[in-house]
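Comments concern the structure below.
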Amino acid sequence: MKTGFPENFLWGGAMASSQAEGGWDQGGKGLDTQDLRYFDPAWTREERAKKENRRMSDAKFRAALTTDDTVHYPFRHGIDFYHRWREDLDLFQELGIKVLRTSLCWARIYPNGDDPTPNEEGLRFYCDLFDECHRRGIKVFATMLHYNIPVNLVQKYGGWKSRKTVECYLRYTRTLFERLGDRVDYWLPFNEFNAGKFNPYNGVCLVEDQESDYQNAIFQCLHNQFIANALTVKQGHEILPGSKIGGMIARFTTYPATCKPDDVMQMILDDQYSNWFYLDVMARGHYPAYMDRYFAQQGIHIQMEPGDADILRENTIAFVSFSYYFSQVSTTDQGWEKTSGNLIMANKNPYLETSEWGWQKDPVGLRVTLNQVYDRYQLPVFIAENGLGAKDVVEEDGSIHDPYRIDYLKAHVEQMKEAVKDGVDLIGYTMWGFIDLVSCGSMEMSKRYGVIYVDQDDAGHGTLARSRKDSFYWYQRCIRSNGETLD
Ligand code: BGP
């Protein structure tokens, strides 16, 4: 029996280009889809949560194309990591992380997505960043796409609806393997594959009111992404034999709301449609049979090309990863109380407490998830995201006391350890937003995940100075002791 984390366990931190970098119009970068998301710092909490305020519309899309504003387009400034990354790495090194998970910005490397040659300045940025990580003993876990694609691909090809976008993506990933290959330790072609279904603008870059058959378009895009994913795996193995390329979903762990058999069946269906479908295609190499029934019921017709089934079968992922923030329950009771969750509205579990944003905190659910995922695929597992979004208060002396975050992280690390004892081959943990970032869902700064504080408010005002929260020292001790010292 294993008694603790493996010796080479990859403790780390995760972030994404659009939420951190800024420099939206610098270094030859093209406009990308996250640069167009509109936010009003004056919105109340309720307005921030409203679906229509989060959703991209044709009108919002067009308006964003004509403005240089950054206050209402927070992904354009992020936390200015583009200019501050060297000093940030000093803090990452002091924290002791073994791996940095970040995404590359496609539009920084191919500004229009379909350019014949890459933007050398964009490539240089990532070369320098990854070289410096390695010089400091930090491995690199690179997400090739974390939502933001060049806007031109949406305008010209309808985003992921077209195989032309797959072709452009493969040109981009080829460049990454060829030019950055020796600087990357783990690859992830797509962030949270199921986001395409639950947040189609982020995941598959569809603008809802530009589509005549939205649901069908979503699944067509997802199919194209599955093909892109498999061909990236193929490409990676040809260019860099032995490269480690994984697949990721946002894990919506779910329990039956009651032991009523209908609720149990509902849980199985929710799990298949929301979670397993995506990992099954990437890890098992084919569309699962349960989706035939779903597609028939929903009237979904996916256009596949000859050879697609072979592509999926021959190019499966080497490790499984997921983000995990909360759990929910499944029920046939339409009136069941709801609460928020990452990408979805969730059914409430009376046994769990929620975060300030309504996400249900469930550390044991992480152990459940790890066991489920490992049982199903028998592949190494990497927790690519986990953390607590909360409001922080800066004291007069500059200190930030965040026991709520420490409690959350501690409880999750304890359950990870239990899962390791259960026999799960857990290889890494990259805490989400370990440096405060612009929130992906609500686009605000006040929802903070970091153990490193960034002095910036929702309107983008502040010195951008970085400082250590109490949780910084907690995570530092956790990493130094390889998960043994959690107090
Ligand atoms: C995941 C995304 C991240 C991140 C996280 C937290 O879905 O991959 O980009 O932001 O959720 O979500 P939020 O920022 O909305 O709190």
Side-chain angles (χ1 to χ4, degrees), residues 12-21 32-35 37 39 43 45 48-51 53-55 74-75 78-79 81 100-105 141-149 188-205 246-253 274-275 278 321-328 339-346 354-361 382-392 404-405 408-409 412 429-451 454 456 458:
M15 54 194 234
S17 57
S18 63
Q19 293 168 258
E21 282 177 14
D32 73 47
T33 44
Q34 293 293 310
D35 292 331
R37 291 181 60 201
F39 167 75
W43 279 340
R45 171 64 69 87
R48 287 170 193 214
K50 265 194 189 157
K51 243 189 172 176
N53 284 338
R54 290 171 173 231
R55 188 184 286 149
F75 296 103
I79 53 160
F81 183 72
L100 172 69
R101 173 179 175 235
T102 192
S103 70
L104 293 111
C105 172
F141 181 6
T143 314
M144 296 161 118
L145 189 60
H146 194 125
Y147 301 152
N148 47 345
I149 80 169
L188 206 51
F190 290 91
N191 181 61
E192 298 184 332
F193 217 99
N194 46 349
K197 172 78 175 78
F198 298 100
N199 188 332
Y201 181 71
N202 281 356
V204 290
C205 308
M248 176 191 176
I249 59 163
R251 172 68 182 159
F252 308 128
T253 298
S274 309
N275 296 295
Y278 304 89
S321 65
F322 56 82
S323 60
Y324 176 83
Y325 293 94
F326 75 104
S327 71
Q328 58 159 343
T339 186
S340 307
N342 185 20
L343 302 169
I344 58 167
M345 279 305 283
T354 59
S355 76
E356 288 173 80
W357 271 262
W359 299 15
Q360 306 187 97
K361 298 186 261 182
F382 203 127
I383 302 170
E385 288 181 29
N386 169 245
L388 177 73
K391 277 206 166 132
D392 293 323
Y404 37 89
R405 187 168 291 107
Y408 179 98
L409 295 170
H412 284 77
Y429 173 78
T430 43
M431 177 202 299
W432 175 253
F434 71 118
I435 177 165
D436 291 345
L437 303 164
V438 175
S439 156
C440 183
S442 47
M443 299 176 272
E444 59 200 324
M445 260 319 278
S446 22
K447 188 181 188 188
R448 296 171 182 274
Y449 286 84
V451 298
V454 175
Q456 178 172 244
D458 290 338

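All values below were derived from every heavy atom in this structure, side-chain atoms included, with hydrogens, water molecules and symmetry-related copies excluded. Ligands are counted one by one from 1 in listed order, and the atoms in each one are counted from 1 as well.
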Pairwise side-chain contact, S103 with M144, heavy-atom cut-off 4.5 Å (strictly under):
no
Show the numbers, then the answer: is there a ring-ring contact (aromatic ring centres under 6.0 Å, His included) between H146 and W432?
CA-CA 13 Å; H146 194 125; W432 175 253; 5.8 Å; yes
List for me each residue that meets ring-ring contact (aromatic ring centres under 6.0 Å, His included) alongside F322, sequence neighbours excluded, and say none if there are none.
none
N386 CG to Y449 OH distance, which is reported to the nearest 0.5 Å
10.0 Å
Sub-4.0 Å heavy-atom environment of ligand 1, residues by chain:
Q19, H146, Y147, N191, E192, Y325, N342, W359, E385, W432, S439, C440, G441, K447, Y449
Carboxylate-amine/guanidinium proximity below 4.0 Å for E444 and R48
yes
Test E385 against every option in R251, M15, M248 by the side-chain contact (heavy atoms from CB on, under 4.5 Å) rule and name the one that passes.
M248
